[in-house]
Amino acid sequence: MTGLPPFSDRLLGWYDRHARSLPWRVSPGDRAQGVRPDPYRVWLSEVMLQQTTVAAVKSYFAVFTQRWPDVQALANAADEDVMGAWAGLGYYARARNLLACAREVTRHRNGRFPETADALRDLPGIGDYTSAAIASIAFDEPAPVVDGNIERVTTRLYAIETPLPAARKAIRVRVAEMTPKSRAGDFAQAMMDLGATICTPRSPTCILCPVSEGCVARQEGRQEEFPKKLAKKAKPSRRGAAFVARRARDGAILLRRRPASGMLGGMAEPFTTDWSSKTDGATGLDAAPFAADWRRAGEVTHGFTHFDLTLEVWLATIQAEPTDAGWWAPVGDLNAAGLPTLMRKAVEAALAAAPSR
DNA sequence: TACCCGTGGAA
DNA sequence: TTTCCAAGGGT
């Protein structure tokens, strides 16, 4: 009587039949034929996918690869073009680091990404997960890849009782043990596909799982108890104000650029008061950036990761440019203005209250 | 370590 | 409606 095949063989066999088809992925069949993924596309997709769903990333990945087909093209792009193209995807430090990384690779590494996880880890925006993912997927290094999916799968397989994030070290040890010397990239992608489609956070479909026989949590009927997590803190609520200036002649909107660091760093916005996760910004007419016929245009609310924000929205229609601290964005081109979602909401609320021309 | 940093879809 | 959370990194 023979036992079950090794864990990685069972998982890879499942992946060969059920791998998701994704724009940045080389299918296991093509991979077996010797097709290599483009490291630039692997890197770009991995950065976009940090804390972001596949569905949200797809259109951004298409735009970026069309507009900047290789790392050199991206390195030569203007900052505001890349920040604008990233608008709406969130976590804008990723876009700043993306550009810094592209320029480092282009200008100091001959346009080639390093081929080991250790070396990749030194580049901006590339941490433990992303370095291992690129090294294994693009360069076949059997580096232990641990993302949220793999944390969930692994804590269930071994019924790891330690709550996250303290369990990360033990998880990494287990993943390093499981990762095969060959097909390490397919193995990592198989673990992520398993977590995304079978071993889901709620109601995992263990009946379809190719490795359920070896899963301790499943054997004990406790699969939904893992991963254990520390309780999270309550989110505070903050307030602030946005002042949307509209040019009388053509309805264009006055925008400026936020400082490079901090919340929404480097992104475009209408004039806002100085809110943060810790303090309210100024509100009311006295907080206006310059004198004009400001009218209340309602409020917008927005939930960030660690606090909720409500902005008063004020609107004024003005004749001339009152400041040189920004630029006029044509209203018909608002989608192209590169506004983060909070600011897009504020401008839309102001325009909804504006008298039609 | 603990906190900061977006967004939108699912349940 | 609220809560959760998705291919995390920086500090």
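Chain A is the first sequence line, chain B the second, and so forth, proteins listed ahead of strands; every chain is numbered from 1.
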With a 4.0 angstrom cut-off to heavy atoms of chain A, pull out the first and last contacting nucleotide of DNA chain C, in 5'-to-3' order.
C/dC5 to C/dG10

Check the distance between B/dA2's C1' and A/Arg168's CZ and give it to me in whole angstrom.
12 Å

Looking for any heavy atom pair under 4.0 Å, which part of the strands does A/Gly303 touch: base, sugar-phosphate only, or nothing?
base

So, with a heavy-atom separation below 4.0 Å from DNA chain B, the residues of residues 126-154 of chain A are none

I want to confirm an ordering. Mapping A/Leu230 and A/Arg344 to their closest nucleotides on DNA chain B, which one lands closer to the 5' end?
A/Leu230

Specify whether A/Phe304 and A/Trp275 have parallel, tilted or perpendicular ring planes, treating 30° as the upper limit for parallel and 60° as the lower limit for perpendicular.
parallel

For the residue pair A/His306 / A/Lys235, report whether a side-chain donor-acceptor contact shorter than 3.5 Å exists.
no

With heavy atoms under 4.0 Å as the rule, sort A/Arg20 into base, sugar-phosphate or nothing.
base

How would you label the contact of A/Pro124 with the nucleic acid (heavy atoms, under 4.0 Å): base, sugar-phosphate, or nothing?
sugar-phosphate

Of A/Arg25 and A/Arg202, the one whose closest nucleotide on DNA chain C sits nearer the 5' end is A/Arg202

A/Arg156 vs A/Glu225, test: salt bridge (Lys or Arg N to Asp or Glu O under 4.0 Å). Steps then yes/no.
CA-CA 8 Å; A/Arg156 287 172 177 172; A/Glu225 293 180 24; over 6 Å; no

Tell me, yes or no, whether the heavy-atom count around A/Arg112 atom CZ, taken from other residues, nucleotides or ligands under 6.0 Å, exceeds 12.
no

Distance-only criterion, 3.5 Å: show the donor-acceptor pairs between side-chain atoms of residues 82-97 of chain A and protein atoms not counting sequence neighbours.
| unit_1 | atom_1 | unit_2 | atom_2 | d |
| --- | --- | --- | --- | --- |
| A/Trp86 | NE1 | A/Gly90 | O | 2.9 |
| A/Tyr91 | OH | A/Thr305 | OG1 | 3.4 |
| A/Tyr92 | OH | A/Gly88 | N | 3.0 |
| A/Arg94 | NE | A/Tyr91 | O | 3.4 |
| A/Arg94 | NH1 | A/Val47 | O | 3.1 |
| A/Arg94 | NH1 | A/Met48 | O | 2.8 |
| A/Arg94 | NH1 | A/Gln50 | O | 2.9 |
| A/Arg94 | NH1 | A/Thr52 | OG1 | 3.1 |
| A/Arg94 | NH2 | A/Thr52 | OG1 | 3.3 |
| A/Arg94 | NH2 | A/Leu89 | O | 3.2 |
| A/Arg94 | NH2 | A/Gly90 | O | 3.0 |
| A/Arg96 | NE | A/Ala260 | O | 3.1 |
| A/Arg96 | NH1 | A/Ala260 | O | 3.3 |
| A/Arg96 | NH1 | A/Gly265 | O | 2.8 |
| A/Asn97 | ND2 | A/Ala93 | O | 3.2 |

Establish, with yes or no, whether the OP1 or OP2 oxygen of B/dT7 is under 4.0 angstrom from a side-chain nitrogen or oxygen of A/His302.
yes

Rounded off to whole Å, could you give me the OH-to-P distance for the A/Tyr91 and B/dT7 pair?
10 Å

Verify, without hydrogens or angle tests, whether A/Thr205 (side chain) and A/Ile207 (backbone) share a donor-acceptor contact under 3.5 angstrom.
no

Nearest-Å distance, CG (A/Leu339) to C1' (B/dT7)?
15 Å

Please give the distance between the C1' atoms of B/dA2 and C/dA7 as a whole number of Å.
23 Å

Of A/Val153, A/Thr154, A/Leu164, which meets side chain to side chain contact (heavy atoms under 4.5 Å, CB included) against A/Pro227?
A/Leu164

Could you give the distance separating C/dT11 and B/dG6 at their P atoms, to the nearest angstrom?
14 Å

Would you mind reading off the distance between A/Leu264 atom CG and B/dC5 atom C1', rounded to a whole angstrom?
9 Å

Answer with yes or no after comparing the ring centroid distance for A/Phe64 and A/Phe61 against a 6.0 Å cut-off, counting only values under it.
no

What contact category does A/Lys278 fall into here, base, sugar-phosphate, or nothing, at under 4.0 angstrom with non-hydrogen atoms?
sugar-phosphate

Within the structure shown, what part of the strands sits under 4.0 Å from A/Leu22 by heavy-atom distance: base, sugar-phosphate, or nothing?
base

Using the test salt bridge (charged side-chain N to carboxylate O under 4.0 Å, His left out), find all partners of A/Asp30 that sit at least two apart in sequence or belong to another chain.
none

Which of these nucleotides, B/dG8, B/dT7, B/dC4, is closest to any side-chain atom of A/Tyr92?
B/dT7

Separation of A/Lys345 atom NZ from B/dG6 atom C1', in whole Å?
10 Å

Report the residue from A/Val42, A/Leu44, A/Val57 that forms a side chain to side chain contact (heavy atoms under 4.5 Å, CB included) with A/Trp24.
A/Val57

Assign A/Met263 to base, sugar-phosphate, or nothing according to its heavy-atom contacts below 4.0 angstrom with the strands shown.
sugar-phosphate

Kindly say if A/Lys233 contacts the phosphate of B/dC3, meaning a side-chain N or O under 4.0 Å from OP1 or OP2.
yes

Carefully, step by step, assess A/Glu104 and A/Arg109 under the rule salt bridge (Lys or Arg N to Asp or Glu O under 4.0 Å).
CA-CA 7 Å; A/Glu104 167 73 19; A/Arg109 296 173 189 269; 3.4 Å; yes

The correct set of residues in residues 35-74 of chain A placing a heavy atom under 4.0 Å from DNA chain B is A/Gln51, A/Thr52

Kindly give the heavy-atom pair with the smallest separation between A/Ser212 and A/Arg218, and that separation in Å.
O-CG, 4.0 Å

Any N or O donor-acceptor pair linking the side chain of A/Thr341 to the base of B/dG6 at under 3.5 Å?
no

If hydrophobic residues (ILVMFWY) are linked whenever their side-chain heavy atoms come closer than 4.5 Å, directly or via other members, who joins A/Val35 in its cluster?
A/Val26

